[in-house]
2 protein chains.
Amino acid sequence: MAKKKSPLSDEALVLVARRFAVLAEPMRLRLLQALFDGEMSVGALAEAAAGTQANVSRHLQTLADAGLVSRRKEGLQVFYAIADPSIFQLCELVCGSIDQQNQARAKVFQ
Amino acid sequence: MAKKKSPLSDEALVLVARRFAVLAEPMRLRLLQALFDGEMSVGALAEAAAGTQANVSRHLQTLADAGLVSRRKEGLQVFYAIADPSIFQLCELVCGSIDQQNQARAKVFQ
DNA sequence: TTCATGTTTGAGTGATTAAGCATATACTCA
DNA sequence: TGAGTATATGCTTAATCACTCAAACATGAA
């Protein structure tokens, strides 16, 4: 029995904004994109996303705090994986919207 | 003939991140929510979102720059309206994801 | 013209945060 | 035990950005 179409409370909007903020960093998007094909270790992610190990570790922590990725420790390494499949649709939606805007802009110049 | 599943370039990811950043502010989400029922003037939006006119005007500019809202001037007033319908699905997706996470968290405590 | 209203914009302040560097923690193996 | 590897974390710096106040701009009426 899901509620429908009622305006969100201020606290809910803060949560939504927070979720968007987590996705508002190119490095974190690179990490998520690298994880699209499956789980990876921090070191592998650092290499894939062309970042320092410390920085990547921090970003992964942010993603994990938001519940977007999961953490699995195995020996020395820590493997991260996408935990929220809605990420895929989210990125598709945004990319599609940006594409559409670009095409509309392109039409202005014929 | 849309391209599919290819990894996004760094510049594309920056654009996507920018789009998310625009949505990562509670005040802007409040404005968008107020606009869900149709176009509104800046003054009306300021009242609906409980913000100062100056601040609301700036946020509307940010939303307009991102192509999320459109601007229509009529006499003294300026009316804004949602220009990118993907916003609706975007918010639904994020809200659904947050809901799901909260329910999962709730289950942990039975 | 002058006045009033609605909107935008300039300047300044404070808060948030990404990134870098160094260090600390956790684990494995010899 | 100690050395080596993978990851996380203090701490600092620089940049970004939301917000406020005041002033500017734009439009319409008297």
Side-chain angles (χ1 to χ4, degrees), chain A residues 10-11 13-35 38-81 83, chain B residues 10-11 13-35 38-81 83:
Chain A
D10 268 24
E11 307 100 54
L13 285 180
V14 170
L15 289 180
V16 174
R18 183 112 203 104
R19 165 68 53 101
F20 280 128
V22 171
L23 296 170
E25 204 60 29
M27 172 62 80
R28 283 196 284 270
L29 292 180
R30 282 209 295 273
L31 293 173
L32 288 172
Q33 188 168 247
L35 290 174
E39 70 172 11
M40 293 176 81
S41 71
V42 177
L45 281 167
E47 187 170 11
T52 66
Q53 181 266 327
N55 198 30
V56 165
S57 174
R58 258 187 242 280
H59 282 300
L60 288 169
Q61 171 109 4
T62 301
L63 290 169
D65 287 347
L68 298 182
V69 301
S70 62
R71 216 184 94 110
R72 183 176 69 86
K73 199 166 186 176
E74 181 179 313
L76 272 181
Q77 307 186 60
V78 176
F79 290 91
Y80 285 88
Chain B
D10 268 24
E11 308 100 55
L13 286 180
V14 171
L15 288 181
V16 174
R18 183 113 204 100
R19 166 66 54 101
F20 281 128
V22 171
L23 296 170
E25 204 60 31
M27 172 61 82
R28 285 197 284 270
L29 293 180
R30 281 209 296 272
L31 293 173
L32 287 173
Q33 188 168 246
L35 289 173
E39 70 172 11
M40 290 176 83
S41 71
V42 177
L45 281 167
E47 187 171 11
T52 66
Q53 196 193 41
N55 198 30
V56 165
S57 174
R58 262 186 238 280
H59 283 302
L60 289 170
Q61 173 108 10
T62 300
L63 290 169
D65 286 347
L68 299 182
V69 301
S70 62
R71 213 184 96 109
R72 182 176 70 84
K73 198 164 186 178
E74 183 179 313
L76 272 180
Q77 308 187 62
V78 175
F79 290 91
Y80 285 87

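Chain A is the first sequence line, chain B the second, and so forth, proteins listed ahead of strands; every chain is numbered from 1.
For dG6(C), the OP1/OP2 oxygens have no side-chain nitrogen or oxygen of Tyr80(B) closer than 4.0 Å. Between Ser57(A) and the phosphate of dT7(D), there is no side-chain N or O to OP1/OP2 separation shorter than 4.0 Å. Applying the 4.0 Å criterion to OP1 and OP2 of dT9(C), one finds that Gln61(B) has a side-chain N or O inside that range. Between Asn55(B) and dC19(D), a side-chain N or O to OP1/OP2 separation shorter than 4.0 Å is present. Regarding contacts with the backbone of dA18(D), a side-chain N or O of Arg28(B) is found under 4.0 angstrom from either OP1 or OP2. In this structure, His59(B) does not reach the dC17(D) phosphate: none of its side-chain N or O atoms is under 4.0 Å from OP1 or OP2.
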Can you tabulate the close N/O pairs, meaning under 3.5 Å, that link protein atoms to atoms of nucleotides 11-15 of chain D?
| residue | atom | partner | partner atom | Å |
| --- | --- | --- | --- | --- |
| dC11(D) | N4 | Arg58(A) | NH2 | 3.4 |

Atom pairs under 3.5 Å, N or O on each side, protein against nucleotides 23-27 of chain C: can you list them with distances?
| residue | atom | partner | partner atom | Å |
| --- | --- | --- | --- | --- |
| dA26(C) | O3' | Lys73(A) | NZ | 3.2 |

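Once rounded to the nearest 0.5 Å, the distance linking CG of Leu13(A) with CZ of Phe20(A) reads 10.5 Å. The distance from the CG atom of Leu32(B) to the CD atom of Glu25(B) is 12.0 Å, given to the nearest 0.5 Å. Note: Asp65(B) CG to Gln61(B) CD = 5.0 Å, rounded to the nearest 0.5 Å. Arg28(B) contributes atom CZ, which lies 6.0 Å from atom CG of Leu63(B) (distance to the nearest 0.5 angstrom). How far CG of Leu35(B) is from CG of Leu60(B): 7.0 Å, rounded to the nearest 0.5 Å. In this structure, the separation between CE on Met27(B) and CZ on Arg58(B) is 13.0 Å, given to the nearest 0.5 Å.
Within 6.0 Å of the CZ atom in Arg72(A), the count of heavy atoms belonging to other residues, nucleotides or ligands exceeds 12.
Minimum heavy-atom separation, Ala83(A) to Gly67(A): CB-O, 3.8 Å. Nearest heavy atom pair, residue Met40(B) against residue Ala48(B), reads CE-CB, 4.1 Å.
Remark: the backbone N or O of Asp10(B) is not paired with any side-chain donor or acceptor of Arg30(A) at under 3.5 angstrom.
Between Phe79(B) atom CZ and dT8(C) atom P the separation is 12 Å, expressed in whole Å. The separation between Glu25(A) atom CD and dT16(C) atom P is 17 Å, rounded to whole Å. Distance Leu45(B) CG to dT8(C) P: 10 Å, rounded to the nearest Å. Rounded to whole Å, atom P of dA18(D) lies 10 Å from atom CG of Leu63(B). Here the P atom of nucleotide dA8(D) and the CG atom of Leu60(A) are 7 Å apart, to the nearest Å. Distance Arg71(B) CZ to dG6(C) P: 16 Å, rounded to the nearest Å.
No side-chain heavy atom of Val69(A) sits under 4.5 Å from any side-chain heavy atom of Glu39(A). A heavy-atom distance below 4.5 Å is not found between the side chains of Leu29(B) and Gln33(B).
Taking every heavy atom of residues 13-20 of chain B and every atom of DNA chain D, pairs under 4.0 Å involve Arg18(B), by number.
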